[in-house]
There are 2 protein chains.
Amino acid sequence: MATGRTHRPATRSRGIPEATVARLPLYLRALTALSERSVPTVSSEELAAAAGVNSAKLRKDFSYLGSYGTRGVGYDVEYLVYQISRELGLTQDWPVVIVGIGNLGAALANYGGFASRGFRVAALIDADPAMEGRQVAGIAVRHSDDLERIIQDNGVSIGVITTPPSVAQQVCDRLVAAGVTSILNFAPTVLTVPDGVDVRKVDLSIELQILAFHEQRKAGEEAANAPAAARGDASEQGPDGDVPAVMPA
Amino acid sequence: MATGRTHRPATRSRGIPEATVARLPLYLRALTALSERSVPTVSSEELAAAAGVNSAKLRKDFSYLGSYGTRGVGYDVEYLVYQISRELGLTQDWPVVIVGIGNLGAALANYGGFASRGFRVAALIDADPAMEGRQVAGIAVRHSDDLERIIQDNGVSIGVITTPPSVAQQVCDRLVAAGVTSILNFAPTVLTVPDGVDVRKVDLSIELQILAFHEQRKAGEEAANAPAAARGDASEQGPDGDVPAVMPA
DNA sequence: ACGTGTGAAAGTTTTCACAGCG
DNA sequence: CGCTGTGAAAACTTTCACACGT
């Protein structure tokens with residue numbers, strides 16, 4: 001068996017399960033909101049509700065980080081914010097570049113959620129000379145000829161691709177060659193990258209297709225309709241079912 | 001959130017596992033590309049490579065749909081395209097509305113991937129009177145006062161929310177009250193919906209945070225690192241919609 | 001031969017339920 | 001008490017490996 005090249009134990013993340021990591025940002029957002037309202041402590045039940053998950057899951061998730069709660073009381077909001085931020089690596093500054101400044105690239109550049117949490121848009125890059133020097137979200141758009149220099153000068157390790165799919169792979173190759181090791185891909189293409197580079201994909205039309213699947217099912221049920229029980233369905237949004245892993249090449 | 005939480009009994013989707021559903025759009029995309037190049041058949045190995053998954057997983061996934069392949073040969077591309085489309089409910093037309101026509105809403109309106117796969121943007125809706133009547137992607141922007149009428153007149157069951165987080169919940173409530181039963185939420189908020197309504201969330205900053213986590217880990221390993229083994233890591237990309245951490249600066 | 005289709009094993013994630021601590 | 005932290009069970013997903021049809 002085994003063709004020599006076996007896979008990584010994948011989430012060798014040594015410790016925190018991938019599913020938990022994917023939820024930490026959720027908790028962090030809920031906690032940040034509480035922090036702004038100066039709420040000092042929160043129970044797993046309350047926080048879980050705010051984050052849209054159930055409390056057992058949340059407690060289990062936190063147990064991977066350590067014992068940060070107080071029995072009979074709950075969690076200290078500020079302390080947890082700090083611990084999760086640290087775990088996620090958000091206590092440091094991450095310069096990112098966005099390549100492809102169309103509507104989507106512009107939307108991302110304007111997105112407050114980035115800057116507010118450790119991410120700094122180091123540059124906007126586009127291949128269109130007409131875009132050069134134009135300002136988007138207060139940042140000058142630079143030409144893709146300078147991509148390598150920009151990456152290196154700013155120590156960028158995270159790149160966001162919002163180009164048309166036809167050029168996504170070559171942009172990706174250049175980013176990787178220049179030193180980027182994490183890529184967030186919005187282009188509807190499968191990117192090929194060397195080992196050691198992480199790719200996450202966000203695909204707008206895939207999400208809609210998954211909704212359509214469930215929508216269709218609802219319609220079918222209604223039609224073929226057994227009476228009685230209304231099927232409970234939705235709830236606990238987010239990681240509904242998706243999560244085609246992220247890892248091994 | 002609310003009081004009577006129903007947790008996902010969900011996915012007794014009668015058959016197809018959620019994880020498989022989430023990959024069907026991926027296969028469909030790869031197959032469509034093959035179809036366009038007039039490739040008549042494809043093996044699980046080839047298709048898996050094109051979709052960025054492994055072949056065992058793909059075969060298992062397809063086995064839930066039925067036996068659509070031919071042993072010793074592979075899968076008929078056209079036939080599979082049809083079967084998957086049907087399974088996903090893409091053989092029918094899904095009118096959608098996009099609420100909140102900022103950069104992101106405009107990006108979505110312009111996104112070709114929608115129209116090409118059964119989705120039709122029935123209307124763009126914004127609360128800003130200044131946007132009213134303006135054309136985005138060839139579609140007139142309508143005022144949110146007309147939301148209910150638009151939903152009903154067009155039989156819309158899927159809504160996309162690209163508003164600021166502060167109004168997302170109320171937009172959601174109005175959509176649901178008007179008859180929408182599936183919502184794709186881009187606002188960084190947890191939406192509360194009644195049972196029977198599906199919500200999927202796409203959050204840009206969450207994806208970045210997950211990348212940051214892995215990036216940090218790489219850096220740590222590298223530092224602590226004995227040479228030798230290069231850790232395989234990335235690839236087999238995947239969606240994974242979730243939520244972010246936001247701190248309104 | 002060849003590659004699909006699939007039981008069975010392995011791995012991961014969620015849920016349960018309760019011991020134990022403040 | 002009330003609520004965290006966690007073993008243990010249940011559910012789900014991925015991977016293996018090979019029988020079987022073409």
Side-chain angles (χ1 to χ4, degrees), chain A residues 1-24 27 41-49 51-76 79-80 83 235-236 238-248, chain B residues 5-24 27 41-49 51-77 79-80 83 236 238 240 242:
Chain A
M1 67 131 151
T3 53
R5 232 270 136 259
T6 329
H7 316 40
R8 291 268 98 215
T11 313
R12 240 262 351 247
S13 290
R14 216 247 28 278
I16 306 181
E18 211 28 56
T20 294
V21 171
R23 280 186 296 265
L24 291 181
Y27 302 142
T41 61
V42 67
S43 71
S44 63
E45 201 68 58
E46 295 164 329
L47 183 53
V53 304
N54 79 32
S55 64
K57 201 187 279 181
L58 177 144
R59 286 200 303 280
K60 185 59 115 182
D61 283 344
F62 285 1
S63 79
Y64 294 117
L65 308 184
S67 287
Y68 297 147
T70 308
R71 292 169 198 245
V73 178
Y75 302 90
D76 181 273
Y79 187 56
L80 246 195
Q83 289 301 341
S235 250
E236 182 152 331
D240 236 296
D242 48 23
V243 187
V246 176
M247 306 230 59
Chain B
R5 269 204 120 358
T6 331
H7 304 127
R8 0 205 63 257
T11 325
R12 186 61 287 114
S13 285
R14 218 241 33 272
I16 307 180
E18 231 356 79
T20 294
V21 171
R23 281 187 295 265
L24 292 180
Y27 302 143
T41 60
V42 66
S43 70
S44 63
E45 202 68 60
E46 295 164 328
L47 182 54
V53 303
N54 79 33
S55 64
K57 201 187 279 181
L58 177 145
R59 286 201 302 282
K60 186 58 115 184
D61 283 343
F62 285 1
S63 79
Y64 295 116
L65 308 185
S67 287
Y68 296 148
T70 308
R71 290 169 197 242
V73 179
Y75 302 91
D76 181 274
V77 172
Y79 188 55
L80 246 196
Q83 290 299 342
E236 177 150 332
D240 186 7
D242 281 52

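Keep in mind that what you see is a predicted model, and the values were worked out from it rather than measured. Proteins get letters first, then strands, A, B, ... in listed order; numbering begins at 1 in each.
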Within the structure, does a side-chain N or O atom of [X] lie under 4.0 Å from either OP1 or OP2 of [N]?
X	N	result
Ser44(B)	dT4(C)	yes
Tyr64(A)	dT12(C)	no
Asn54(B)	dT14(D)	no

- Test Val42(A) against Asp76(A) for side chain to side chain contact (heavy atoms under 4.5 Å, CB included), laying out the working first. CA-CA 7 Å; Val42(A) 67; Asp76(A) 181 273; over 6 Å; no

Send over the distance from [X] [atom1] to [N] [atom2], rounded to a whole Å.
X	N	atom1	atom2	answer
Arg59(B)	dC18(D)	CZ	C1'	11 Å
Asp61(A)	dT13(C)	CG	P	10 Å
Leu47(A)	dG5(D)	CG	P	12 Å
Glu18(B)	dA11(D)	CD	C1'	14 Å
Leu58(B)	dT6(C)	CG	C1'	14 Å
Lys57(B)	dA10(C)	NZ	P	19 Å
Glu45(A)	dG5(D)	CD	P	14 Å
Lys60(A)	dC18(C)	NZ	P	15 Å

- Message: Quick check on the helix from dA1(C)-dT22(D) to dG22(C)-dC1(D): what's the angle between its two end axes, five base pairs per end, to the nearest 10°?
- Response: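 Angle reported: 10°, given to the nearest ten degrees.
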
[X] to [Y] - nearest heavy-atom pair and separation:
X	Y	answer
Asp61(A)	Thr20(A)	OD1-OG1, 2.7 Å
Tyr75(B)	Gly69(B)	CD2-CA, 3.4 Å
Ile16(B)	Val21(B)	CG2-CG2, 3.5 Å

- Has the side chain of Thr70(A) got a donor or acceptor atom that lies under 3.5 Å from a matching backbone atom of Val73(A)?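 No; judged by distance alone, with no hydrogens or angles, the pair does not exist.
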
Can you name the atoms? Protein N/O to nucleotides 20-22 of chain C N/O, anything below 3.5 Å, with the distance.
from: dG20(C); atom 1: N3; to: Arg71(A); atom 2: NH1; distance (Å): 3.4

- Message: Taking ring-ring contact (aromatic ring centres under 6.0 Å, His included) as the definition, give me every residue that meets it alongside Tyr79(A), ordered by chain and number, with sequence neighbours left out.
- Response: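 For Tyr79(A), the residues satisfying ring-ring contact (aromatic ring centres under 6.0 Å, His included) (neighbours in sequence not counted) are Tyr68(A).
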
- Task: Indicate, with a heavy-atom threshold strictly under 4.0 Å, whether Phe62(B) touches base, sugar-phosphate, or nothing.
- Result: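 The answer is nothing, as Phe62(B) stays clear of every strand by at least 4.0 Å.
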
- Message: Can you identify which nucleotide, out of dG3(C), dG5(C), dT15(D), has its nearest atom closest to the Ser63(B) side chain?
- Response: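 For Ser63(B), the side-chain atoms sit closest to dG5(C).
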
- Message: Measuring from the side chain of Arg23(A) (C-beta onward, heavy atoms only), which nucleotide among dT13(C), dT14(C), dG3(C) has the closest atom?
- Response: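 Within the option list, the nearest is dT14(C).
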
- Do Leu24(A) and Tyr64(A) come close enough that some side-chain heavy atom pair is under 4.5 Å?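 Leu24(A) does not reach Tyr64(A) side chain to side chain.
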
- Message: Within the structure provided, determine whether Arg23(A) and Val53(A) are in side-chain contact (heavy-atom separation under 4.5 Å).
- Response: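 Contact flag for Arg23(A)/Val53(A) side chains = yes.
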
- Query: How many angstroms lie between CD in Glu46(A) and CG in Leu58(A), if you round to the nearest 0.5 Å?
  - Reply: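 Going from CD on Glu46(A) over to CG on Leu58(A), the span is 11.5 Å.
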
